[in-house]
Asks: 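Encoded as structure tokens, here's the structure I'll be asking about.
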Amino acid sequence: MSNKSEPAAIDVAALARRDEFCTSLGIQFVEASLGRAVTRVTIEQRHLNFNGVGHGGLTFTLADAAFGFACNSQGVVSGSIDAHILYSVAVRLGDVLTATAVEISRSSKASNYRIDVVRADGKLVAAMTGTALISGKPVVV
């Protein structure tokens, strides 16, 4: 049995409502629990690049949003210090993308995450890994 107190979940939806950048892009917060978060976006005309497919920057931002919500879900301010993404398929107008971030490991100073972005048909669009630095300061909800 550990002497450490267990982390308490916070209202991650309240944090998401304050994220004007995600909101402006049409990225929706879906759900969160300790060390896990889900975001979603429907690809619109404004999300297409010059080749007519979904912009990689939107896919990255969708995954990064899930990562950020997941790493702050335990009530301690955490920020990305490293993120890598691998794109596997292009996305098209009307595709619905869902990003799911899951904590892989956590210490008192850093946490690591795997973030999968999938289309509605379950096809993997992109896979991200991220490391967050844990500040030790409480998240203000």
Side-chain angles (χ1 to χ4, degrees), residues 1-51 53-141:
M1 182 180 280
S2 173
N3 290 333
K4 288 173 59 176
S5 61
E6 292 299 314
I10 62 165
D11 184 0
V12 179
L15 297 180
R17 286 189 295 273
R18 294 196 324 235
D19 194 324
E20 292 182 34
F21 184 63
C22 284
T23 301
S24 72
L25 292 172
I27 294 173
Q28 305 165 341
F29 168 79
V30 177
E31 65 181 23
S33 56
L34 290 178
R36 183 179 181 280
V38 180
T39 55
R40 184 172 296 138
V41 72
T42 300
I43 302 299
E44 301 171 4
Q45 185 67 38
R46 66 184 171 141
H47 300 135
L48 302 180
N49 68 17
F50 53 84
N51 286 321
V53 297
H55 198 291
L58 178 68
T59 304
F60 186 97
T61 301
L62 177 70
D64 190 53
F67 171 33
F69 295 141
C71 70
N72 283 276
S73 66
Q74 298 191 36
V76 181
V77 174
S78 302
S80 175
I81 57 172
D82 184 63
H84 297 270
I85 194 164
L86 173 65
Y87 300 96
S88 51
V89 297
V91 296
R92 309 270 180 217
L93 184 66
D95 283 348
V96 177
L97 306 183
T98 302
T100 302
V102 178
E103 187 174 274
I104 298 167
S105 66
R106 184 180 189 87
S107 71
S108 62
K109 300 289 182 190
S111 55
N112 295 293
Y113 293 80
R114 164 76 188 245
I115 307 94
D116 287 340
V117 179
V118 299
R119 286 190 318 218
D121 64 2
K123 179 74 175 174
L124 183 68
V125 169
M128 175 188 270
T129 56
T131 301
L133 182 64
I134 300 169
S135 73
K137 299 174 184 176
V139 171
V140 177
V141 179

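We number each residue from 1, following the sequence as shown.
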Asks: Could you pull out the closest heavy-atom pair between Ser111 and Cys71, with the gap in Å?
Replies: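 Nearest heavy atoms, Ser111 then Cys71: OG-CB, 4.2 Å.
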Asks: Indicate the atoms forming the closest heavy-atom contact of Phe60 with Ala83, along with that distance.
Replies: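 Scanning both residues, the minimum pair turns out to be CZ-CB, 4.0 Å.
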Asks: Would you name the heavy atoms of Val91 and Asp95 that are closest together and state the gap between them?
Replies: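 That closest heavy-atom pairing would be CA-OD2, 3.4 Å.
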Asks: Measuring from Asn51:CG to Asn49:CG, what's the distance to the nearest 0.5 Å?
Replies: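 It is 5.0 Å, given to the nearest 0.5 Å.
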Asks: State the CZ-CG distance between Phe21 and Asp64, to the nearest 0.5 angstrom.
Replies: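 Phe21 atom CZ to Asp64 atom CG measures 9.5 Å (nearest 0.5 Å).
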Asks: Looking at every heavy atom in both Val77 and Pro138, which two are closest together, and how far apart are they?
Replies: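 The answer is CG2-O, 3.5 Å.
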Asks: Among residues two or more places apart or on two chains, list those pairs meeting side-chain hydrogen bond (donor to acceptor under 3.5 Å, both in side chains) that have a residue in residues 33-42.
Replies: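 Of all non-adjacent pairs touching residues 33-42, those that pass side-chain hydrogen bond (donor to acceptor under 3.5 Å, both in side chains) are Glu31-Arg36, Arg40-Thr98.
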Asks: Is there a side-chain contact between Leu58 and Ile43, using heavy atoms and a 4.5 Å cut-off?
Replies: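 When only atoms from C-beta onward are counted, Ile43 and Leu58 do touch, with a gap below 4.5 Å.
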Asks: Could you give the distance from CD (Gln28) to CG (Leu62), rounded to the nearest 0.5 Å?
Replies: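 Going from CD on Gln28 over to CG on Leu62, the span is 10.0 Å.
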Asks: Which of these passes side chain to side chain contact (heavy atoms under 4.5 Å, CB included) with Asn72: Val139, Val12, Val141?
Replies: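 Only one of Val139, Val12, Val141 forms a side chain to side chain contact (heavy atoms under 4.5 Å, CB included) with Asn72, namely Val139.
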Asks: Ala126 and Ser88: which non-hydrogen atoms are nearest, and at how many Å?
Replies: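 So the two residues come closest at N-OG, 3.9 Å.
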Asks: If you look only at pairs with a residue in residues 130-141, which of them pass as a side-chain hydrogen bond (donor to acceptor under 3.5 Å, both in side chains), with sequence neighbours excluded?
Replies: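 Sorted result for residues 130-141: Asn112-Thr131.
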Asks: Which heavy atom of Leu15 sits nearest to which heavy atom of Val140, and what is that distance?
Replies: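 The answer is CD2-O, 3.8 Å.
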Asks: Could you label the plane-to-plane angle of the Phe69 and Phe29 rings as parallel, tilted or perpendicular, counting under 30° as parallel and over 60° as perpendicular?
Replies: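 Correct class here is perpendicular.
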Asks: Quick one: pull up CE in Met128 and CD1 in Ile85 and give me the separation to the nearest 0.5 Å.
Replies: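 Separation between the atoms: 4.5 Å.
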Asks: Is the backbone N or O of Arg46 less than 3.5 Å from a side-chain atom of His55, with the two atoms forming a donor-acceptor pair by type?
Replies: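 Answer holds: no.
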Asks: Find the distance between CD (Glu103) and OG (Ser78) and round it off to the nearest 0.5 Å.
Replies: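 Here the interatomic distance stands at 9.0 Å.
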Asks: May I have all residue pairs that pass side-chain hydrogen bond (donor to acceptor under 3.5 Å, both in side chains) and include part of residues 116-125, sequence neighbours excluded?
Replies: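 Residue pairs with at least one partner in residues 116-125: Arg114-Asp116, Arg119-Asp121.
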Asks: Between the side chain of Ser73 and the main-chain N/O of Ala70, is any donor-acceptor distance below 3.5 Å?
Replies: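 Pair found, side chain donor or acceptor close to backbone of Ala70.
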